[in-house]
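Let me begin by presenting the structure, written as structure tokens, before commenting on it.
Positions are given from 1 along the sequence.
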Amino acid sequence: MKELTLMAPCHFGVEAVLKREITDLGYEIEQVEDGRVTFKGDALAVARANIFLRTAERVMIVVSRFKATTYDELFEGVKALDWEQYIPKDGKFWVKKASSVKSALFSPSDIQSIVKKAIVEKLKVKYNVDWFDEDGDEYPIRVFLYKDEVIVALDTSGESLHKRGYRKNTAKAPISETLAAALIMLTPWRKDRILVDPFCGCGTFPIEAALIAANIAPGLEREFTAENWTNIIDKKCWYEAVNEANDQINMDIETDIQGYDIDKEAIEMCRKNAKLAGVEDLIHFQTRDVGDLSHPKKYGFIITNPPYGERLEDKEQIKVLYEKLGRQYKKLDSWSAFVITSYEDAPKDMGVKPTKNRKIYNGMIKTYFYQFLGPKPPKRKKNEN
């Protein structure tokens with residue numbers, strides 16, 4: 001198969017996790033930049049990346065990278081590309097999104113129209129037509145400019161990969177599935193360890209943890225735009241990737257994954273979402289206040305996304321909430337805690353000094369992933385199950 005250059009965007013701050021995922025799939029990393037990882041792969045890699053990657057926002061085929069400081073350079077650079085290799089005569093193509101950072105060309109709408117026009121002009125010549133009906137399969141295009149470098153790419157995913165298909169029921173300000181998975185993967189948690197989320201909202205952390213524990217690929221229950229691109233990716237690639245993912249699922253596991261929330265309706269949403277994800281038997285959800293957080297066993301993990309207290313009137317309530325979290329955490333002998341929040345007084349109010357913290361953007365909100373590392377559990381003896 002022809003080698004392709006593929007690009008996967010991710011949340012700022014979790015590039016290392018995505019890089020590890022891509023490497024584990026067996027693909028060569030070409031470049032790691034803020035918020036994206038570029039790698040080499042064939043047509044099968046497009047299907048496998050979409051189905052298996054937990055932390056990528058989407059998977060794109062990079063058509064070209066080139067410099068442009070004028071709209072003429074942008075037009076000519078795009079027109080020079082071999083678009084007939086990607087877009088068939090009846091293909092519906094448009095520039096779905098354009099973004100520009102620190103570049104001479106800064107108007108997204110102008111960039112979109114210039115790129116579309118350049119592709120049309122190129123394909124007019126190649127297909128010897130003056131008009132395109134565009135009544136075939138969709139080929140959305142994305143354009144990124146950074147310091148005058150242009151990246152032109154085809155979006156193979158369609159809807160963002162955080163839309164796994166299970167979260168039909170949402171609470172206020174839910175954390176995205178991709179970010180939740182990335183944060184879990186940044187911790188030392190493994191499927192045989194306890195995991196508790198005392199602010200579980202609609203259940204994203206526990207559900208993503210259960211998917212990881214059972215080795216269920218995140219993209220198994222959804223569709224992708226590129227499934228119809230038979231001119232680039234043979235249908236058998238998708239069947240092969242799905243079969244591979246199904247073969248890896250292991251539901252015959254014991255887990256201790258728990259989600260608490262003070263809101264009874266939120267817990268009902270969690271249960272419905274977990275059922276849609278096929279992991280309802282791996283998680284215990286319960287209506288419980290953070291002040292009642294407890295567990296009889298050692299060496300567990302708290303991984304959670306508490307309220308941030310963005311409004312001034314919430315500040316006093318937020319202080320009390322983090323004080324409760326810290327008080328209960330200190331009672332959990334030998335546990336570790338991982339808290340993502342934009343609330344800068346979180347460690348002070350919890351009364352616990354973080355081992356370290358990592359700056360991560362949750363959408364446009366700058367947050368910190370505070371890590372309170374407990375001791376490692378003793379190694380199990382070889383004859384222990």
Side-chain angles (χ1 to χ4, degrees), residues 11-14 171-176 179-180 182-189 193-206 208-209 257-267 270 285-376:
H11 284 269
F12 283 86
V14 302
K172 291 179 182 177
I175 194 165
S176 81
L179 181 54
L183 296 178
I184 293 168
M185 293 164 75
L186 277 169
T187 77
W189 178 80
R193 306 282 293 276
I194 303 157
L195 188 152
V196 176
D197 179 0
F199 302 97
C200 67
C202 56
T204 310
F205 270 128
E208 288 296 320
I257 300 171
Q258 301 182 29
Y260 308 147
D261 202 285
I262 198 169
D263 185 341
K264 187 177 179 181
E265 288 184 7
I267 291 300
C270 289
F285 289 110
Q286 186 178 352
T287 305
R288 185 189 285 196
D289 184 83
V290 66
D292 298 322
L293 173 63
S294 64
H295 199 287
K297 294 184 180 178
K298 291 187 172 187
Y299 305 110
F301 284 72
I302 295 169
I303 305 179
T304 193
N305 175 41
Y308 298 172
E310 294 295 313
R311 296 180 303 178
L312 286 173
E313 59 266 32
D314 293 336
K315 291 297 183 185
E316 193 54 43
Q317 287 178 299
I318 290 298
K319 178 180 172 64
V320 172
L321 185 147
Y322 282 88
E323 286 173 348
K324 281 185 182 180
L325 175 60
R327 189 162 55 246
Q328 297 310 113
Y329 168 58
K330 283 183 273 189
K331 294 177 184 177
L332 290 165
D333 181 33
S334 71
W335 277 50
S336 298
F338 299 83
V339 180
I340 182 171
T341 180
S342 67
Y343 181 55
E344 294 184 358
D345 288 336
K348 185 179 81 172
D349 291 345
M350 286 176 66
V352 188
K353 186 178 180 180
T355 313
K356 53 183 170 180
N357 72 65
R358 180 188 289 257
K359 185 164 65 175
I360 289 172
Y361 278 84
N362 183 2
M364 298 303 292
I365 302 172
K366 183 174 76 173
T367 63
Y368 292 94
F369 191 43
Y370 293 104
Q371 302 172 52
F372 307 89
L373 289 172
K376 291 182 180 179

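Looking at residues two or more places apart in sequence or on another chain, you find a side-chain contact (heavy atoms from CB on, under 4.5 Å) between Ala180 and Ile175, Thr204, Phe205, Glu208. With sequence neighbours left out, the side-chain contact (heavy atoms from CB on, under 4.5 Å) criterion links Thr287 to Lys264, Ile267. Annotation: side-chain contact (heavy atoms from CB on, under 4.5 Å) contacts of Gln286 (sequence neighbours excluded): Tyr260, His284, Arg288.
Annotation for Thr187 and Leu183: closest pair CG2-O, 3.1 Å, computed over non-hydrogen atoms. For the pair Leu325 and Pro198, the tightest heavy-atom approach, listed with the atom from each and the gap, is CD1-CG, 4.2 Å. What you find for Cys270 and Gly201 is that their closest heavy atoms are SG-O, 3.1 Å. Across all non-hydrogen atoms, the minimal contact from Pro306 to Ile340 is CD-O, 3.4 Å. Shown here for Pro206 and Gln258, the closest heavy-atom pair between the two residues is CG-O, 4.2 Å. Across Asp261 and Cys200, no two heavy atoms sit closer than the pair OD2-N, 3.6 Å.
For residues 360-372, every residue pair satisfying the side chain to side chain donor-acceptor pair (under 3.5 Å) rule, not counting sequence neighbours, is listed here: Tyr308-Asn362. Identified under the salt bridge (Lys or Arg N to Asp or Glu O under 4.0 Å) test for residues 348-364, with sequence neighbours left out: Lys319-Asp349.
In this structure the side chain of Gln317 never reaches within 4.5 angstrom of the side chain of Pro307, judged on heavy atoms.
Taken from CG in Asp263 to SG in Cys202, the straight-line distance is 11.5 Å, to the nearest 0.5 Å. Between the CD1 atom of Ile303 and the CZ atom of Phe369 there is a distance of 6.0 Å, given to the nearest 0.5 Å. Ile365 contributes atom CD1, which lies 13.5 Å from atom CD1 of Ile360 (distance to the nearest 0.5 angstrom). The CG atom of Asn305 lies 8.0 Å from the CG atom of Leu179; values are rounded to the nearest 0.5 Å. Here the OG1-CD1 distance, from Thr341 to Ile318, works out to 7.5 Å after rounding to the nearest 0.5 Å. Distance check, rounded to the nearest 0.5 Å: CZ of Phe338 to CD1 of Ile184 gives 11.5 Å.
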Run the side-chain donor-acceptor check on residues 329-337: report pairs under 3.5 Å with partners two or more places apart or on a different chain.
from	atom 1	to	atom 2	distance (Å)
Tyr329	OH	Trp335	O	2.9
Tyr329	OH	Phe372	O	3.3
Lys331	NZ	Gln328	OE1	3.3
Asp333	OD2	Lys298	NZ	3.1
Ser334	OG	Tyr299	N	2.9
Trp335	NE1	Lys297	O	2.8
Ser336	OG	Gly374	N	2.8

